[in-house]
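Letters A, B, ... are given to chains in the order of the sequence lines, protein chains preceding strands, and every chain is numbered from 1.
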Amino acid sequence: MIHHPTTEEILTLAMAAGGHNPEVDKHVSSCASCSTELDDLRSLQDVLRDPLVWDQNEEATEGEEVGWLRSFAASLQSEDEAGAKFLEDLLRRPESRWRLEVGAEPAYRTAGFVRALLARAQTGSDESPQQALAMATVAAEISEVLEEGLYDSDFLLELRGTSAERLASVLTRLGRLPEAHAALDRAEKIFDRLAIPDPPLARVWYLRAVLLQEQLELGRARELATASAVVFRRFGELRRVAYAQLLAGAIDFQSGDFEGARDTFLRLVPVLEDLGDRPTLAGLYQNIGTCSMQLDHVQEAQLYLSRSSDEFRELGMHAEAIRTSWALGRLLLRAGEREQAVATLSQARQRFQELGMRSDGALVALEVAELLLISGEEPDQVLELCSEAVRTLQGAGMRGGVATALQYLQDALRTHAVTVDAVRELRLQLSDVVSPPPSM
Amino acid sequence: MTKYPTPYSVSDAAGDLYRSYKAFLIRVAGQKFCVPDDEAEALVHQVFISYLRSGSSVQDVRSWLVGAICNASRQYWRDHAKDEKVSDAGKGLYLRDEGTEDLLVQKLRIRDLLAGLNARCRQTLCLHYLEGYTAAEIAEKLSTTPGYAEKLIHDCSRRARELTRKAERR
């Protein structure tokens, strides 16, 4: 058994004081952990020689100096509270009149109201991207007319840049990519004039990476995602670091580097656990499961997809939970567990219907029907599943290729001559309309 | 009637943060980036205003404040690079020097950890490491024996190391 010297003995060595034991010296020079401890002690001593660490007695005193910051924080808070009330007021009016109402009412022209609009545009962009766009547009317009004398110039610049940034984010969600790029260009130009430009510029790089990923410019997207993560880390914005790395992993996945993507995602698990960000963690599990599926690590994929589904369900994100179960059903099929796959997919179909997500339910129903057709089992159930899907999709008023494929399957149903090809064609047409199970 | 304490507000938190970090940040701007004193103070004000606007997205406040003052100082020199009065050395200060922020954050952490030592220990370490006092000189200053001063330096260094190690484990 190796006897390492005590901290006391290593400290004596670090202090280069007389009387240290030559045996200790000998041990430390050949022992990795003890020489690390010695290095750490020496680096601590170096730091202690820097005047920066000894400014305890120079703390700013209470009074005018601290007062200005306190009053700034208080006015920011009260303006935000008033802005939130203005927003509730605006939301009660028709969206088509927002710009008019805001233009006519000077009371709305406050930074607090702009921030309230921007915050709501961000949280609401998933549920209602059009409304989020209207909010970001109004916010951008108000930020341009705020009185310069009322606010600090950097404060105004940041508000204007953030409005352009949020506009870009919503436009990306709506698939209006050239406009989103233009909004980001504007945000970048504004942020570059700030006294502290790097954090908002990193947000622009992150969003640009999302845009470029959509446009399949994966190399440049990857570079920007990584660059933004570096800046976020430097500024201790750890949640944003995780998001930028998550994006980098997704880009790797899209580039076909499943192994690299999986490694990135696995490294992020403890980070998101520490941050307590459960919705993102649930999505991360889903990503890991999907990578594992691509790498044919069936057990691992099953583990992470189940974990993701459970987590989404616990969070009350039922639609996401079902989508993950859907992916799990496909995995089981790939692993040759046909019976279990049919059971899992059937359960997903039923849950979609319970949630009123009929088109998604119809797509899963067709997937189950196709499986049963291939194996030649349960012809009655095949007919039932296909009829149900046709009814649902007709009710949803599908057009184009889906309508043609739907008609084809309906004819086949009438003559009880449903084929794998007829079901598959409709399913493939539908995949473009209905969100497929998660791939990333 | 029972008197309830006033709730801790955003403005209290801002004030506390300012009191704790203002001096350190001014020194960083002044010593590391040679920003003139009055300008350094203005940059620190800007750092706190900017922090208040983005505070909710920041998980590591020390890193943010250090990153922001370094960024603001470099930006200051970038903006003044065309100024003929600024020396060439000053003009080069806007360039990023990898590792500067990490080292400064480490120093800020240690500075905060030293507050966990008792006053005598802080004084001993400050005299020894910063002022360069020997054990004999510390003994004279603290009216004690050189042997005891030697022991104090040793014990307090060990305590400082224990504090940093505990923080690393967290």
Side-chain angles (χ1 to χ4, degrees), chain A residues 7-8 11-12 14-15 17 37 40-41 43-62 65-77 115 152 154-155 158-159 162 194-200 203 231-241 275, chain B residues 9-15 17-20 22-24 27-28 31 43 45-50 52-54 57-64 67-68 70-72 75-76 101-102 104-108 110-111 114-115 122 125-126 128-130 132 150 153-154 157-158 160-162 164-165:
Chain A
T7 304
E8 201 74 28
L11 182 63
T12 306
M15 295 181 82
E37 176 63 12
D40 288 349
L41 277 165
S43 109
L44 174 64
Q45 289 174 320
D46 282 344
V47 170
L48 293 176
R49 288 187 188 101
D50 191 321
L52 275 175
V53 301
W54 296 108
D55 66 359
Q56 312 272 359
N57 299 323
E58 295 177 34
E59 288 185 346
T61 45
E62 190 67 48
E65 267 198 298
V66 181
W68 73 268
L69 189 71
R70 281 179 188 277
S71 85
F72 175 77
S75 70
L76 203 64
Q77 195 181 12
R115 275 198 301 277
D152 166 271
D154 262 44
F155 183 88
E158 190 165 336
L159 206 57
T162 307
L194 287 171
I196 303 158
D198 285 3
R203 298 200 308 263
V231 177
F232 291 143
R233 180 175 300 290
R234 200 188 309 141
F235 280 80
E237 298 192 12
L238 305 179
R239 192 180 300 268
R240 288 194 168 126
V241 175
L275 288 169
Chain B
S9 68
V10 177
S11 60
D12 291 331
L17 208 61
Y18 185 76
R19 274 205 309 276
S20 303
K22 181 201 162 196
F24 183 89
R27 280 187 177 206
V28 169
Q31 290 175 7
L43 291 186
H45 283 203
Q46 203 58 57
V47 165
F48 279 98
I49 289 180
S50 190
L52 281 177
R53 290 199 302 264
S54 53
S57 67
V58 178
Q59 282 77 41
D60 178 350
V61 179
R62 290 189 191 96
S63 292
W64 199 93
C70 292
N71 194 193
Q75 193 73 355
Y76 171 86
E101 281 90 340
D102 287 346
L104 287 169
V105 171
Q106 187 201 5
K107 285 177 182 170
L108 185 52
I110 290 175
R111 187 205 74 146
L114 291 177
R122 279 204 306 274
L125 292 178
C126 184
H128 181 64
Y129 289 107
L130 181 68
E150 185 82 54
I153 296 169
H154 204 277
S157 301
R158 182 174 43 76
R161 173 63 190 140
E162 281 164 6
T164 57
R165 196 184 289 138

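Judged by distance alone, with hydrogens and angles left aside, the side-chain atoms of B/Gln59 form a donor-acceptor pair with the main-chain N or O of A/Leu238 at under 3.5 Å. In this structure a side-chain-to-backbone donor-acceptor pair under 3.5 Å is missing from A/Arg234 to B/Ala68.
Between chain A and the options B/Leu43, B/Asp60, B/Leu104, heavy-atom pairs under 4.5 Å are most frequent for B/Asp60. Highest contact tally toward chain A, considering only B/Gln46, B/His154, B/Arg158, is held by B/His154 [criterion: heavy-atom pairs under 4.5 Å]. Heavy-atom pairs under 4.5 Å with chain A peak, among B/Lys107, B/Arg62, B/Gln31, at B/Lys107. The residue among B/Cys126, B/Cys70, B/Ala72, B/Ala160 with the most heavy atom pairs within less than 4.5 Å of chain A is B/Cys126.
Residue contact with chain B, scored on non-hydrogen atoms closer than 4.5 Å, involves the backbone and the side chain of A/Glu237 alike. Both the backbone and the side chain of B/Val47 come within less than 4.5 Å of a heavy atom of chain A. For A/Thr162, no part sits under 4.5 Å from any heavy atom of chain B, backbone or side chain. Heavy atoms of A/Asp152 lying under 4.5 Å from chain B belong exclusively to its side chain. The parts of A/Phe155 that come within reach of chain B are both its backbone and its side chain, each placing non-hydrogen atoms under 4.5 angstrom from that chain. With a threshold of 4.5 angstrom between heavy atoms, A/Leu275 approaches chain B through side-chain atoms but not through N, CA, C or O. Interface residue B/Val28: backbone and side-chain heavy atoms are both found under 4.5 Å from chain A. Of the two parts of A/Leu76, only the side chain, counted from C-beta on, holds a non-hydrogen atom closer than 4.5 Å to a non-hydrogen atom of chain B.
Rounded to the nearest 0.5 Å, atoms CZ (B/Arg161) and CD (A/Gln45) are 11.0 Å apart. Remark: B/Ser57 OG to A/Arg203 CZ distance equals 7.0 Å, nearest 0.5 Å. We find the OH-CG distance between B/Tyr129 and A/Asp46 to be 10.0 Å, quoted to the nearest 0.5 Å. Taking OG of A/Ser43 as the reference point, atom CD1 of B/Ile110 lies at 6.5 Å (rounded to 0.5 Å). Here B/Leu17 contributes atom CG and A/Leu69 contributes atom CG; the two are 8.0 Å apart, rounded to the nearest 0.5 Å.
B/Gln75 is listed as a side-chain neighbour of A/Pro197, based on a closest heavy-atom distance under 4.5 Å. Using a 4.5 Å heavy-atom cutoff, the side chains of A/Phe235 and B/Asn71 are in contact. Using a 4.5 Å heavy-atom cutoff, the side chains of B/Leu130 and A/Pro51 are in contact. Between B/Leu114 and A/Leu48, the closest side-chain pair of non-hydrogen atoms falls below 4.5 Å. Under the 4.5 Å side-chain criterion, counting only non-hydrogen atoms from C-beta, A/Leu52 is not in contact with B/Arg111.
Shown here for A/Asp154 and B/Arg53, the closest heavy-atom pair between the two residues is O-NH2, 4.0 Å. Between B/Leu125 and A/Trp54, the closest heavy-atom pair is CB-CH2, 3.7 Å.
Under the 4.0 Å criterion applied to side-chain N and carboxylate O atoms, B/Glu101 and A/Arg233 are not assigned as salt-bridge partners.
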